[in-house]
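First the proteins, then the strands, lettered A, B, ... as listed; each starts at 1.
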There are 2 protein chains.
Amino acid sequence: MNADHYENVALLRGLLLRLARSDWRKLTKWSIKASEVRLLLVLKENSLLGESQRMTVSDISKILQVTSPTVTQMINNLIKNDYVIRTTHPTDRRIAEITLSQKGDKIAQEASEMFTKMFEGLIDFLGKEQSDQLIHLMDQSIVYFEQVDIEKL
Amino acid sequence: MNADHYENVALLRGLLLRLARSDWRKLTKWSIKASEVRLLLVLKENSLLGESQRMTVSDISKILQVTSPTVTQMINNLIKNDYVIRTTHPTDRRIAEITLSQKGDKIAQEASEMFTKMFEGLIDFLGKEQSDQLIHLMDQSIVYFEQVDIEKL
DNA sequence: AACTAATAGGTAGGTAACCTATATATTAAT
DNA sequence: ATTAATATATAGGTTACCTACCTATTAGTT
């Protein structure tokens, strides 16, 4: 553990901050918000996984890691412009089932392709091995941040 | 370039999103906002680099990568509770010079120590070599994202 | 000196992306 | 039948930004 073992603390902090604020998340070619595109993508990807096309507010909330009122709000916006459809579960009327409309599916498809190309580009740019490394390191970093107790710092 | 060269596209996207939304940025033990703590840190770190304690709104804006109205707003809040002081440049009266008050310096000091410990913790957790790798890969990713043209995707 | 352009910052008002607290509807459990 | 639990919605708020515009001041030009 030499003298400059920790030389990169500031660098690391700065990079994480920049990456967090990076613009790719805010991209939206479509006339809906970036967060709403992400929601459409969740629905699309769920159906591609062979799961049912219908998802509940709670499912979406878990995947996007936001609270259910946040999901409701996004869905209300999406319904307003016919990107998704809300129906009631046939046997449990508490549950709202959300499905993509044709319009929503089209955007989800385009967004999916765009993000795929964007991240394929990143993998090409970094190289396969390096991108695997990045995945591993980011995953570990998330583990670290989830476990660290600020009160004890 | 085998079949699953791009297998990790979704994984990479998900991790970047999670890291972006990670909570460490929102931490604030103090009675001011996280973004305001970051501003105090900029002032503190600038003075530690031997630069003058005084910084202009433009300087801060460049470092935090936010617009000047955003900086003005944060500074107004910080002034309200005596964390920073705004004075006018002696020879160029257009320029506002921002300095830490004693109260602000104390928080900046604490925050600096906290973040330092937090990122030292990350370096220990990942290992020195791995954390250097992470820095390199994040840096390259930022380069990539800055250069990628969405319109062409 | 007078005028125009450039620079630095502030003001007003808005938006995205979240949140908490609370209410409502429905179903499950006792 | 009553109470508790669950799923979602509503109301209203917050943070962290932004753009458009305005003012004050300084620099450059004729």
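Atom CG of A:N77 and atom P of C:dT15 are 12 Å apart (whole Å). Nucleotide D:dT6 holds its C1' atom 11 Å from the NZ atom of A:K62, rounded to whole Å. Atom CD in A:Q65 sits roughly 11 Å away from atom P in C:dC18 (whole-Å rounding). Here the C1' atom of nucleotide C:dA17 and the CG atom of A:L78 are 14 Å apart, to the nearest Å. If you measure from atom CG of A:L17 to atom C1' of D:dT15, you get 15 Å, rounded to the nearest angstrom. Distance CE (B:M74) to P (D:dC17): 7 Å, rounded to an integer number of Å.
End-to-end axis angle of the helix from C:dA1-D:dT30 to C:dT30-D:dA1, using five pairs per end and rounding to 10°, comes to 0°.
Less than 4.0 Å separates DNA chain C from at least one heavy atom of each of the following residues of residues 30-38 of chain A: A:K33, A:A34, A:S35, A:R38.
In this structure, B:S112 and B:T116 have side chains that are in contact, with non-hydrogen atoms separated by less than 4.5 Å. Under the 4.5 Å side-chain criterion, counting only non-hydrogen atoms from C-beta, B:F125 is not in contact with B:Q130. Contact annotation: the side chain of B:L134 approaches that of A:L134 to within less than 4.5 Å [non-hydrogen atoms, C-beta and beyond]. Between B:I60 and B:L43 there is a side-chain heavy-atom pair separated by less than 4.5 Å.
Few gaps surround CD on B:Q147; more than 12 heavy atoms of other groups in view lie less than 6.0 Å from it.
Listed by chain and number, the residues in a salt bridge (charged side-chain N to carboxylate O under 4.0 Å, His left out) with A:K106 are A:E110 (sequence neighbours excluded). Under the side-chain hydrogen bond (donor to acceptor under 3.5 Å, both in side chains) criterion, B:K44 pairs with B:D105, B:Q109, not counting sequence neighbours.
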Contact state string [nucleotides 7-13 of chain C, B base, S sugar-phosphate only, - no protein heavy atom under 4.0 Å]: BSSSB--

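With hydrogens and angles disregarded, no donor-acceptor distance shorter than 3.5 Å links the side chain of B:T56 to the backbone of B:A96.
Phosphate contact (OP1/OP2 of C:dA25, side-chain N/O of A:R93, threshold under 4.0 Å): absent. An OP1 or OP2 oxygen of D:dC18 is reached within less than 4.0 angstrom by a side-chain nitrogen or oxygen of B:T70.
Looking at heavy-atom distances under 4.0 Å, B:T28 makes no contact with the nucleic acid at all.
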Hey, can you pull the donor-acceptor pairs under 3.5 Å for the side chains in residues 69-79 of chain A, sequence neighbours left out?
from	atom 1	to	atom 2	distance (Å)
A:T70	OG1	A:T67	OG1	3.0
A:T72	OG1	A:S68	O	3.1
A:N76	OD1	A:R86	NH1	3.3
A:N76	OD1	A:R86	NH2	2.8
A:N77	OD1	A:K80	NZ	3.1
A:N77	ND2	A:E36	OE2	3.2

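A continuous path of ILVMFWY side-chain contacts below 4.5 Å connects A:V42 to A:L40, so both sit in one hydrophobic cluster.
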Intermediate values then yes/no, side chain to side chain contact (heavy atoms under 4.5 Å, CB included), B:F145 and A:L122: CA-CA 8 Å; B:F145 283 122; A:L122 178 60; 4.0 Å; yes

